[in-house]
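A note on names: the letters A, B, ... follow the listed sequences, proteins ahead of strands, and every chain is numbered from 1. All values reported here derive from a predicted model rather than from experimental measurement.
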Protein chains: 2
Amino acid sequence: MAGKRAVTRSSLPEVIANDLRERILSGELAEGETIRQEALAEEYAVSRMPIREALKRLDAEGLVQFTNNRGASVTKHSLREIAEIFDLRILLEVDLFRRAIPAMTAQDFTRCTQILDDMDASYDANDVAKWGALNHKYHSALYAAADRKLTNEVLQGISLHSDRFIRMHLSVMQQREPAKKEHRDLLDLAHARDVEGACTALAHHISRTKEELLSLVAEHRATADS
Amino acid sequence: MAGKRAVTRSSLPEVIANDLRERILSGELAEGETIRQEALAEEYAVSRMPIREALKRLDAEGLVQFTNNRGASVTKHSLREIAEIFDLRILLEVDLFRRAIPAMTAQDFTRCTQILDDMDASYDANDVAKWGALNHKYHSALYAAADRKLTNEVLQGISLHSDRFIRMHLSVMQQREPAKKEHRDLLDLAHARDVEGACTALAHHISRTKEELLSLVAEHRATADS
DNA sequence: CAGCCGGTTTTTGTATCCAAAACCCGGGCT
DNA sequence: AGCCCGGGTTTTGGATACAAAAACCGGCTG
């Protein structure tokens, strides 16, 4: 148990930002909801200042929006923007994958396989939060060999948003078994060093997720009136 | 003169962040330089708090780095990361351009031409800051027809960094007249609706800039020891 | 003489406090 | 009766003040 390496490795605004991010991603804080700084301050038993910094950070990440002197509210994306998020993912992930595949080692493959196993487990266990985290981990592992720090950071920033919608509708999407297989196929194609095949498969995989999610969100919003 | 539309359209941290950003981009604040909050606070005649928020924002943009309790310092990119910045630009800009070209209207073309004229003027006048701003404007105008808000935002974030290095060495690069012509060629190809030709031209244009800049930065760093 | 340890100083991080701007509601005017 | 205007309340934004962590320097000891 050498876990707690650094005594207080994260500053107060950071842990608050992490928690708030999780709350937004999990849907506990709904789209468009206005955020009252003082309420959060009391809830976390700190002053309003760390809260402000945390919100500013989330604002930079695009999860909340600051309006002049009217405070912060959870961002709400249009269907069009959601589609764009996924298109960006395709663009970036395919590029990363293409660069990564020739450089992937046996270690990379075993690591990816392991994460996939964990993912399936949490998927079946209905542990949405864990699945989301593992999903990120899997993708990072897939593209680790590309050794592109900056691109990965940008991708993470974008994936945040896509994850929000995926998790929002994961319960419904669980019926889509093919996703599991597609994940495995990607790894197999990479292992066979079939760069183009793997890339098109990845593009299709994300694209299918996009289409499916778009219809789900559209349906959801239609019923929710809003 | 209907300029000052909104009375106080920008908050204090915002104007400070803008100014600091400009100072970093212009090279007034050198790479790796540590930033003393109190010094800036006195300089801007405000308290340390707006400064902190501004720095946090720049941190989110990647222009400065926060270390635990040791404050902020201007980020310094490795040659490898600089190359990655330009590769990302290629990826994003080509995608935007491809989507934009079929949708570009006469208005778009005239607007682009006009900006190009201004750019040439500031280029010849050696006005580096203005040239940078216009460069941004030109690219935004080129991709405006794509109507991809999010992608453009991401691109802006990345271009910030590339601009930093371009402006750092613009005085040397002025000898490279071909860049002017390339800019015009891009517009002509787009006007002819030659999507693939325009995209490859754009990719080559950015790629050439990248190569040239990389050697300049490498040279600069070699002489500056550091 | 070098390395380590402790006190001092600087610098950051957080809290409390005050001012300014935005919303809400009621009253007056057209 | 409806609309506009003004005071009260709420909420954010900024300043000052305080505590904690880190760097720095000097002295001590092996």
Colleague: A/T151 and B/E84: side-chain donor and acceptor closer than 3.5 Å?
Modeller: yes
Colleague: Could you tell me whether A/E53 contacts a base, only the sugar-phosphate backbone, or nothing, with contacts defined as non-hydrogen atoms closer than 4.0 Å?
Modeller: nothing
Colleague: A/N69 has an atom CG; how far is it from atom C1' of D/dT9, in whole Å?
Modeller: 16 Å
Colleague: To the nearest Å, give me how far apart CG (A/L55) and C1' (D/dT11) are.
Modeller: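 To the nearest whole Å, that distance equals 13 Å.
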Colleague: Distance check needed: C/dG13 P versus A/L12 CG, whole Å only.
Modeller: 11 Å
Colleague: Rounded to the nearest Å, what distance is computed from the CD atom of residue B/Q37 to the C1' atom of nucleotide D/dA21?
Modeller: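 Rounded to whole Å, this separation is 14 Å.
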Colleague: Under 4.0 angstrom, heavy atoms only, what part of the nucleic acid is B/I35 near: base, sugar-phosphate, or nothing?
Modeller: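 If one applies the 4.0 Å heavy-atom cut-off, B/I35 turns out to touch the sugar-phosphate alone, with no base involved.
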Colleague: Of the options C/dA15, D/dA15, C/dT12, whose atoms approach the side-chain atoms of B/R36 most closely?
Modeller: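 The answer is C/dT12, which lies nearest to the side chain.
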Colleague: For side-chain contact (heavy atoms from CB on, under 4.5 Å), just list the numbers for B/I35 and B/I51, CA-CA rounded to whole Å, side-chain angles, deciding distance to a tenth of an Å, and then say yes or no.
Modeller: CA-CA 11 Å; B/I35 296 175; B/I51 303 286; 6.0 Å; no
Colleague: Using modelled atom types only, decide if a donor and an acceptor are shared between the side chain of A/E81 and the backbone of A/S78 within a distance under 3.5 Å.
Modeller: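 Side chain of A/E81 to backbone of A/S78: a pair is present.
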Colleague: Look at the side chain of A/R48 and the base of D/dG13, then say whether one donor and one acceptor between them are separated by less than 3.5 Å.
Modeller: yes
Colleague: For the pair made of CD1 in A/I51 and P in C/dT14, what is the distance, rounded to whole Å?
Modeller: 11 Å
Colleague: Starting from the 5' end of DNA chain C, give me the residue, B/M49 or B/G71, whose nearest nucleotide shows up first.
Modeller: B/G71
Colleague: Whole Å only: how far is the CD atom of B/E38 from the P atom of D/dT16?
Modeller: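 Between P of D/dT16 and CD of B/E38: 11 Å.
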Colleague: Is the shortest side-chain heavy-atom distance between B/L63 and B/R164 below 4.5 Å?
Modeller: yes
Colleague: NZ of A/K56 versus C1' of D/dG14: gap in Å, rounded?
Modeller: 11 Å
Colleague: Counting only side-chain N and O atoms of B/R70, is one of them less than 4.0 Å from OP1 or OP2 of D/dA23?
Modeller: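 Yes.
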Colleague: I need the CZ-P distance between B/R52 and D/dT16, as an integer number of Å.
Modeller: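 Taking atom P of D/dT16 as the reference, CZ of B/R52 is at 16 Å.
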Colleague: Do we see a donor-acceptor contact under 3.5 Å between the side chains of B/Y44 and B/D19?
Modeller: yes
